[in-house]
There are 2 protein chains.
Amino acid sequence: MPKPTFLNLPPDKRRRFVDAALNEFALHDYRAASVGRIVDAAGIAKGSVYQYFDGKLDLYRYLVDLAAETKFRFIDAARAGDAPDFFSQVRQAASHGARFDFSQPRYASLLYHATYEPSTPETLEVSSRLRAASHAYLRGLVDAGLARGDLRPDLDRDMTVYVLYQQIVALRDFLTDRFGFSFQDAVHAGAGLPIRDEELGAVLDELVGILRRGLELG
Amino acid sequence: MPKPTFLNLPPDKRRRFVDAALNEFALHDYRAASVGRIVDAAGIAKGSVYQYFDGKLDLYRYLVDLAAETKFRFIDAARAGDAPDFFSQVRQAASHGARFDFSQPRYASLLYHATYEPSTPETLEVSSRLRAASHAYLRGLVDAGLARGDLRPDLDRDMTVYVLYQQIVALRDFLTDRFGFSFQDAVHAGAGLPIRDEELGAVLDELVGILRRGLELG
DNA sequence: CCGTGGCGTGACCGCTTGGTCATATCGCGC
DNA sequence: GCGCGATATGACCAAGCGGTCACGCCACGG
């Protein structure tokens with residue numbers, strides 16, 4: 001948890017610091033990220049970091065939570081009340097998730113690192129919480145889909161959640177390949193590239209089509 | 001590439017060294033792995049490592065290649081000439097791949113790290129080669145499956161390979177969860193746990209069933 | 001005008017890292 | 001048993017790390 005001092009910070013100074021930290025953890029995983037580089041980029045003294053947070057891990061946790069909440073809020077906000085059936089919902093979530101990733105490459109890369117972080121005792125809790133949140137979200141969709149009869153009732157629920165999770169998380173890699181996008185470059189440049197609607201749509205049609213045939217009732 | 005000196009090593013000394021290195025890179029990703037810990041465990045001097053390899057990266061590349069070749073050979077050897085259709089082939093590859101992972105947790109963890117390694121300039125080439133090899137393998141299966149009419153001809157080939165790859169690679173995580181298995185513990189213990197045939201079979205039936213409905217012709 | 005508490009600061013600490021190299025040892029051909 | 005190339009060795013190096021802390025500044029209340 002951030003210390004009170006952090007919350008009392010002048011807004012622009014706080015933003016400079018958070019920006020620098022976001023950049024660092026987007027470019028490097030937890031272990032490789034350097035507090036020294038953050039303070040250099042933010043133009044503050046090293047000691048200040050420890051006035052704001054308990055340490056590197058505390059800062060990391062704060063940023064991952066921030067990124068996850070921002071992304072979930074984005075996906076939920078864009079969830080137009082429609083999308084009545086399960087596969088439309090999955091498609092919509094994946095679509096907005098991808099749009100978020102490509103427009104906010106720093107958040108996306110940070111979450112990517114957090115997802116695939118090698119599970120050291122230190123970072124285990126952070127990445128577990130992140131994965132649990134995604135699973136819970138999908139689990140809700142799957143349960144509703146089963147209740148609504150959109151999904152075959154004989155499906156193993158864990159397996160279904162797992163298949164969906166993998167495909168949605170890894171969609172980033174596929175789009176990266178297909179569009180020759182580089183998150184590293186985007187983070188360095190400081191701005192994302194809006195993804196072309198038709199191209200994203202075509203990819204999602206294909207992917208959701210496969211999932212639909214694989215999972216739907218009938 | 002290993003230097004000639006490495007190849008001239010007495011077999012048991014070489015094995016001790018490779019064992020220690022394997023353990024280290026199974027327990028830690030590339031950056032976190034420590035040459036110092038390897039030489040301590042192997043009971044040799046630090047300087048010796050640099051008589052055998054050009055450096056840490058060279059050693060890492062050697063080990064990843066070794067693990068990948070070992071695993072591919074295992075899967076290919078177990079490929080009983082049967083399994084005539086695409087989905088039987090995928091099921092067989094996934095089954096033997098999983099069996100390999102659980103019986104050789106050191107190789108498996110090493111390959112896991114190599115797969116999800118954050119792409120620094122240093123390790124990028126190693127992990128790209130690994131991914132490319134897996135993709136090429138699956139691509140061969142998909143092309144044959146398309147030619148044989150096992151798969152819908154309107155499928156996007158890249159997308160199909162990508163879906164299969166993700167599910168097979170991540171199968172490890174699912175099995176880990178489901179069976180409460182810990183690769184970390186297994187590496188520490190120095191031995192894998194043979195996976196129960198029926199349980200693995202049930203999981204694969206479910207997974208391949210989903211993929212079959214999603215991808216097959218008809 | 002003083003005191004006090006919050007905050008900024010950067011030199012500094014202990015530790016670990018990958019890598020080097022002068023030196024010692026080994027083992028084989030003569 | 002000599003000589004010589006191959007190999008083993010570990011003290012050593014510079015660099016980087018996360019984290020600390022004594023000190024100084026500044027703003028506010030009395």
Side-chain angles (χ1 to χ4, degrees), chain A residues 1-18 20-21 23-25 27-64 113 117-118 120-123 125-126, chain B residues 1-18 20-21 23-25 27-64 113 117-118 120-123 125-126:
Chain A
M1 279 179 44
K3 297 184 180 179
T5 310
F6 176 70
L7 304 172
N8 295 340
L9 238 41
D12 61 318
K13 184 172 188 179
R14 188 161 91 190
R15 205 182 45 246
R16 268 200 355 260
F17 173 66
V18 170
N23 256 294
E24 182 65 15
F25 283 102
L27 254 13
H28 310 279
D29 68 13
Y30 175 74
R31 194 180 203 276
S34 154
V35 176
R37 277 193 299 256
I38 294 176
V39 299
D40 284 353
I44 63 173
K46 203 170 181 181
S48 294
V49 173
Y50 298 86
Q51 306 253 29
Y52 305 155
F53 293 90
D54 274 338
K56 189 186 175 185
L57 183 60
D58 194 32
L59 170 59
Y60 178 64
R61 195 174 359 210
Y62 171 76
L63 293 172
V64 171
H113 281 138
E117 197 74 50
T120 54
E122 276 193 303
T123 56
E125 177 246 344
V126 176
Chain B
M1 281 178 41
K3 297 184 180 179
T5 310
F6 176 71
L7 304 171
N8 294 341
L9 238 42
D12 61 317
K13 185 171 188 179
R14 190 161 89 188
R15 205 181 44 248
R16 266 198 358 258
F17 172 65
V18 170
N23 256 295
E24 182 64 15
F25 283 102
L27 254 13
H28 310 279
D29 67 11
Y30 175 74
R31 194 180 202 275
S34 154
V35 176
R37 279 193 299 257
I38 294 176
V39 300
D40 284 353
I44 63 173
K46 202 169 182 182
S48 294
V49 172
Y50 298 87
Q51 306 254 29
Y52 305 155
F53 293 90
D54 272 338
K56 189 187 176 185
L57 183 60
D58 195 33
L59 169 58
Y60 178 64
R61 192 172 335 164
Y62 171 77
L63 293 173
V64 171
H113 281 138
E117 196 74 51
T120 54
E122 276 193 302
T123 56
E125 178 247 342
V126 177

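Not measured: the values here are computed from a predicted model. So that the names make sense, note that chain A is the first sequence line, chain B the second, and so on, each numbered from 1.
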Over how many whole Å does the gap from B/K56 atom NZ to C/dT17 atom C1' extend? 8 Å
Quickly work out the A/L57 CG to D/dC17 P distance and round it to whole Å. 18 Å
By nearest nucleotide on DNA chain C, pick out whichever of A/K46 and A/R31 is the more 5' one. A/K46
Relative to the ring of B/Y52, is the ring of B/F6 parallel (under 30°), tilted (30 to 60°) or perpendicular (over 60°)? tilted
Could you tell me how far apart B/D40 (CG) and C/dT17 (C1') are, to the nearest whole angstrom? 13 Å
Using whole Å, report how far OH of A/Y52 lies from C1' of D/dG19. 16 Å
For B/I44 and D/dG10, what is the distance between atoms CD1 and P respectively, to the nearest whole Å? 11 Å
A/E24 side chain to A/S34 main-chain N or O, any donor-acceptor pair under 3.5 Å? yes
Nearest listed nucleotide, side chain of A/T5, among D/dT7, C/dT20, C/dC7: C/dC7
Grab the CZ-C1' distance between B/R14 and D/dT7 for me, whole Å please. 16 Å
Atom NZ of B/K13 and atom P of C/dG27 are separated, to the nearest Å, by 11 Å
Ion pair check, A/E125 and A/R61, cut-off under 4.0 Å: yes
With a 4.0 Å cutoff (strictly under), does any side-chain N or O of B/N8 reach OP1 or OP2 of D/dA6? no
Hey, is the side chain of B/R37 poking within less than 4.0 Å of OP1 or OP2 on C/dT17, counting only N and O atoms? yes
Give one of base, sugar-phosphate or nothing for B/A32, where a contact means two heavy atoms less than 4.0 Å apart. nothing
Between B/S34 and C/dT17, is there a contact of a side-chain N or O with OP1 or OP2 at under 4.0 Å? yes
Could you tell me how far apart A/K3 (NZ) and D/dT20 (P) are, to the nearest whole angstrom? 9 Å
Classify the ring geometry of A/F25 against A/Y60: parallel below 30°, tilted from 30° to 60°, perpendicular beyond 60°. tilted
Do A/Q51 and C/dG6 share a donor-acceptor pair, side chain to base, under 3.5 Å? no
Regarding B/L9, tell me which of base, sugar-phosphate or nothing describes its non-hydrogen contacts under 4.0 Å with the strands shown. sugar-phosphate
Does the B/K13 side chain pair with the main chain of B/I44, one donor and one acceptor, at a distance under 3.5 Å? no
